[in-house]
Every structure is written in C-alpha cells, then in structure tokens.
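Report on one structure; see the data block that follows.
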There are 2 protein chains.
Amino acid sequence: MAELTERAQTLLKALTERYIRDGQPVGSRVLARDAGLNLSPATIRNVIADLEELGLVRSPHTSAGRVPTVSGYRVFVDTLLSVQPLDNSMVGALKQSLDTTADTKDLVQKASNLLSDVTRLAGIVTLPQRKHSSLQRVEFLPLSEKKVLAVLVLDDKEVRNSILNTARHYSSAELQQFSNFLNAQFAGKDLDEVREKLLAELRETRETLDRMMATALEMADQVLGTAEQGSDYVLAGQTNLMGVTEFCDVGRLRQLFEAFNEKKEILGLLDQCVENEGVQIFIGEESGYQMLDECSLVTAPYTVKGKVIGVLGVIGPTRMAYERVIPIVDATARILRAALNSQD
Amino acid sequence: MAELTERAQTLLKALTERYIRDGQPVGSRVLARDAGLNLSPATIRNVIADLEELGLVRSPHTSAGRVPTVSGYRVFVDTLLSVQPLDNSMVGALKQSLDTTADTKDLVQKASNLLSDVTRLAGIVTLPQRKHSSLQRVEFLPLSEKKVLAVLVLDDKEVRNSILNTARHYSSAELQQFSNFLNAQFAGKDLDEVREKLLAELRETRETLDRMMATALEMADQVLGTAEQGSDYVLAGQTNLMGVTEFCDVGRLRQLFEAFNEKKEILGLLDQCVENEGVQIFIGEESGYQMLDECSLVTAPYTVKGKVIGVLGVIGPTRMAYERVIPIVDATARILRAALNSQD
DNA sequence: CTTTAGCACTCTGACGGGACGAGTGCTAAC
DNA sequence: GTTAGCACTCGTCCCGTCAGAGTGCTAAAG
C-alpha cells in the first residue's frame, strides 16, 4: 500500500474530501481543478484508474465519477488526513457545557448531547464501568414493614439505592448494626473483590450460624446484585442522522435505529475500543456489523484515575467530516475525564 | 351531525375500517361487497357523495376511492366503533410483564415498552407527578470533606438522592441531628406543603440566629429543589413508526422525532388528558400541534390513591386500529395503577 | 322515489423511447 | 510522461402512450 505515488495520494485526498463535501461521485474534471496540481483531466484519469485497480475508489456505474471505497477511506484517515486543531473558543465552550457539579449519569447524558450537537451526528457515550470502582460505604434504612432501603455509595459522584424486600421487619438499630459491620469489612474495596469476599463469608458464616451476620451479608449480596447493572450507553441526536442523504431510505434508517435499540451489538463494538488508546475509527463494514454498513464510528476511551472506564464517540455516515469530528471526539473524551476526575 | 342515516353510518364505518386495514383509498365497488348491505356500487356512490358533502370523507384525487377525513375518524371513533373486549389471556400477559417489585421509574419504562410492543406503535408514559406525594423521611450522610448525600424517601417505591456541596464539613452526628429535626417537622407532609413551611421557617429561624436549624433548613431546601424535577415522559418503540407507510418520507419522520425530543409540546398535549377520565383520543390536527399531523394519540390517565398522577398512551398514524388500541391503553392504565398502588 | 345499469370522463402509475449531459477509456500526437 | 480528441456508455429527465380504477351523470327499471 505504501507504494502510492505522491500524486496518487494527493488525488485520493482531494477526491475523498470533495466527495465528503458534496456527496456526488467526483469526476476527473473537477478533480483537475480541485487538486491544485496543474494536470489535465486525462492525466488525472490515468492515475485514478490506478487507484481503482488498488481498490481505493470505485465508480457507482460506468460513466459516473469515482467514490472512495472503505479501503480508500481507510488510507485517507490513516495517512492523508490533516486534522484541524480545535480552536480554543470551541474547547472552552465544550468545557463549559460539562460543568462538574452534575452526577455521573448527567455528565454522560450531557457529553452525548454535546457530541451530537457539535458534530450534527449521533453522539454515543457508554456509562462508566463501575465494576472496578471501590465501595465507599453502605447504609440501610428501614422503609416500611418489610422493606429496607439500601444506599450504596461508590464515590463522590455515584450513589445508588435499591429497595430490598425482607422476610421480616428490621429495626433501625439492627440495620445500623448491619451497616457498621459491612462498612468495617468492605469499605474501600473493589466491587468485585467485595462480591467475592461476600460469598466466601456467606458460606462460612452460615456454618457458624451467626444469624445477624448472615442476614447482613445476604442483604449486601442482594444490593450488589441490583447495583451491578450490565453496561449500557446513552445515545443522542439520532435525528441528526435523518438529515443525512445516505439514509434517505426509511428501511435503512429503521435497521440502524433498531440496532441502537438492541444495544448488545453496538456495545460489543464499543468494547473493542476500550483497549485502544486515543481515537479509533471504524469505517463502514469494518465494524463487522452489517447494520452499520454505510456508517462510520469515531471513538475515544475516557479514563478515571488512569483506568479506562468507558468509551465515547460519534456515529455518522462513512462520508463524514473526519477532520472535524476526530478532534472533537478527542477533546470531549478529555473533558469528560476531567469532569469525572474533579474531586471538589 | 346526528342526521346521518343508518346506511350512511354503516358505509362510513365499513369505509374507515377498510381504509385502516389496507391504507388504500376505498372505492364504491369494494365497499359494495364489504359493507354487507346488498347494494350496487352506483347506490353506494350516491351515499358516499353525501358523506363527502358533510366533510367526512374525501378523495385524494379525481378518480381514486375515498379516505376518511379527521371529522370522519372522529365520528367513527365516537359513535361507530365497536371496541374489541380484551381477551383475558392478554390481560394476564400484560399484568405479568408489570411485576410490582420494580421501582417507579422501571415500571414506567416497562409500561411504555409494553404499550409499544403490543400495539406495534409508539408507547408513551409520563413519569408520575410527585408534587402531591408526601415526604416519608429525609436522611443526610457525610460523603466527603464538603459533600453531603441527601436521601429523600417519598414512599415505598420512590427514593431519590442528591449530592449537596456544603460550605464546610459536617460530622455524622451533626447530619443526624439535621435529619432528626427535619423528620420531626416534616415527615408525612405533602411535598409542596413542606416547601412552603420550609421557606417560612427559614425566614423565622434566620432571625433567631439558630445556626444549626438554619443550615438544616437550607439543606432541605436544596434537596427539594433538585428533587422537584419538571414533568417528563418515557417513549418507546419509535422505530415501530418507521414501518408505517404514512411516514415513508424521511422529512415527516424527522419532524415527528424532533417533536419527541422537544418534549415540551408533547407534554402540553398530554397534560390536557389529565382531567379527562378514561380513554381520550386526539386525531390528526385536532391536537393543535401540526407536527402530529397524520398522527393520532390515544391516552388514558393513571392514578395513585385516587389522584391522577400521570398519563399513558400510544402514538401512531391516524390510520391505526383504534378498536384494538383503545382497550389496550385502557387496560394498561389500570394495570399500571394496580402496580403502583400495591404496597406489599 | 329509490335503485341500478351503462357510459363517458378523469386521473394515476407503469412502461418505453429519445435527447441530453457527464464521465470514462483509448489512441495518437506533443 | 502528458495531453487533446473522440467514440462510447450510462443515468436522468421528459414526454407520450396505455391500461386500470373509480367517479359522476343520465336514463331506465323497480
């Protein structure tokens, strides 16, 4: 692949940019004017023919211009693209919209909106994976005759409560005891570590027949069960995709939206981006999911305390303005990280 | 309007049903076969001409069949419609999917999914209006140096927490005092009543300079502020609408989806249904919102302890199977009410 | 007076051909 | 290596035609 001549590269770049701009197959004539090289259309045609040979462009039909293929886009984003640095006012604006006072869920929602607003495409942000976060404390409050409210504090920004149905009534004092016991045992530990120890203790304690501890542990187990939600994401700005000419067909659009509802597959795809540091791009069928056929996905992971805990990105047509979208996704990831890490 | 002859009614009914069934303008020939009356197409045409005069049907173009107008639909649903009673197995299935263990938010989400799944249209459920519900208790927990977690228990199913940023650190003991004080004062009272008393006390207490009480009240005020979210709704199954032939145009579809995102207008519409007991129907432009032009909305309010606290319903094309949708909406409202009222 | 048959009329949608424009590939000349 | 010229191929747009569906009207039958 590296044996593309400089000229061929320039032309592929010009062609792709042009096609991204106005969505029409690009002919040799416009390319001659557009590319800056002082060449006649005929020469251009020769070079383009080579590109076609290599599978980087193709023509939709005999006498139309050329359109980048998936490989063409790949080369374009990997080696030809000149990303526009984000101007500072933009960064400021982004930062401002993600004020740090909100809780995690809010932040994620806002980040998603932000991405979709700024790119005019669909924004997607996974909820932070909390299984590696530590348990700060647990509280139990009596709610009614046979209901107990469990409050799980994960960190400064993340609190979850769940309602437990109990076999009998528990008094405030009893519950307080439970809380104290559990906090002494588990506070500060990782959630999955807690889970593990919990099960071990549960087995052991059953044998020693310490009713109170057993109950406390069972309760804790229940809470963790409900708290350990599967991963999920927040999507925003799907309607933006309806403006895109590629999806003028309702059938296509429907497929896409149904994929969004399914979540499983999209999540699988997003999971692949977790390892990769920095911006990652899936173009069209590269994703392996054919409902994202004419879509590209631009993602970046975000971290808390150095650990990657989620992914955010933008979904749009393959024909999207990568040079604009990439820095935006990148910046948003950094800003979200900053917002999540701020401990004020 | 009541001066429709029996025959005209029968024909309008047959025509509407037929049109709902297959979406094509209905001609006199099919109507002659379909309506059960033993009349020739020619006779039918005369009657239909009268209906057109009355504005109940219209033809899309000169030599097409007829289509019901909004007024036509109105007459149809108000006086001609024979709603199918829901068979019991269906009711059972509905009940089952709304198990009562979930919390309010979950229930609402599930109800919405249910509506959309069963009707194959879009389901919509407003979140319960909680401003008339009573405050069961308040708890404050220290979270970190200058953060306090406030837990607001509204009732057995509804717990909210919010994180307060405080001016200085408060100890567990202090916070416990606050909780006790507030619970003594306000537990069991309506939320807006609490709010009112709170403001009054706040003024008074400032003068007496009781620092502790003042702080407690201020905190409570903050919590109430965050807890009193504006009304909102949960929508499900929008993708179902993409299968509907009426919305084959992406532009239309987009308008509709953007209206869903706006929420304000839809909420305004739903609010109108709160007063009305039982199922209410908006057909097409009747709603007054032109983004719902070719849509109908079938709603029913749901209650808790006798008070209407929300609305649920279905959004679909005017050409929807009312006789099926109406009982489903009705039943779902009852089932949701049962689920919300169960106090086990 | 109501119902019906017959008929002319109108409109839509599908099909097909011709003109046009865009763009290519090839060849031969620079 | 580059370019101009030219024949060729498609896709699109614009009719004109034709069949089908359904109407409105009129005149006859019940």
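Lettering follows sequence order; numbering is per chain, from 1.
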Item checked: Distance-only side-chain donor-acceptor flag, A:S296 / A:Y73, under 3.5 Å -> no
Any protein N or O atoms within reach of nucleotides 14-17 of chain C? Criterion: under 3.5 Å, listing atom names and distances.
none

Check: How far apart are the closest heavy atoms of A:L12 and A:T16, and which atoms are they?
Finding: O-OG1, 2.7 Å
Checklist line | A:N261 and B:Q238, any side-chain heavy atoms less than 4.5 Å apart | finding: no
Notebook entry, point to check: Of all of residues 244-251 of chain B, which get a heavy atom below 4.0 angstrom from DNA chain C, listed by number?
Noted result: none
Check: If you measure from OG on A:S40 to CG on A:L37, what distance do you get to the nearest 0.5 Å?
Finding: 11.5 Å
Item checked: Over all atoms of both residues, closest heavy-atom pair of A:S287 and A:L292 -> OG-CB, 3.9 Å
Can you list, pair by pair, the side-chain donor-acceptor contacts under 3.5 Å of residues 20-28 of chain A, counting residues two or more places apart and other chains?
| from | atom 1 | to | atom 2 | distance (Å) |
| --- | --- | --- | --- | --- |
| A:S28 | OG | A:R45 | NH1 | 3.2 |

Next item on the list: Quick one: stems involving DNA chain D, counted as three or more successive Watson-Crick or G-U pairs, both distances short of 3.5 Å.
Entry: C:1-30 with D:1-30
Checklist line | Minimum-distance pair of heavy atoms, taken over all atoms of B:M242 and A:L253 | finding: CE-O, 3.9 Å
Notebook entry, point to check: So with a 6.0 Å cut-off around CD of B:Q272, is the heavy-atom count from everything else above 12?
Noted result: yes
Next item on the list: Give me the first and last nucleotide of DNA chain D, going 5' to 3', that has any atom under 4.0 Å from a heavy atom of chain A.
Entry: D:dT2 to D:dG11
Check: What residue among B:N276, B:V125, B:T126 forms side chain to side chain contact (heavy atoms under 4.5 Å, CB included) with B:V311?
Finding: B:T126
Next item on the list: Mind running a 4.0 Å heavy-atom check of residues 41-52 of chain A against DNA chain D and sending the residues that fall below it, in number order?
Entry: A:A42, A:T43, A:R45, A:N46
Next item on the list: Using the closest heavy atom to pick a nucleotide of DNA chain C for each, name whichever of B:R7 or B:T62 lands nearer the 5' end.
Entry: B:R7
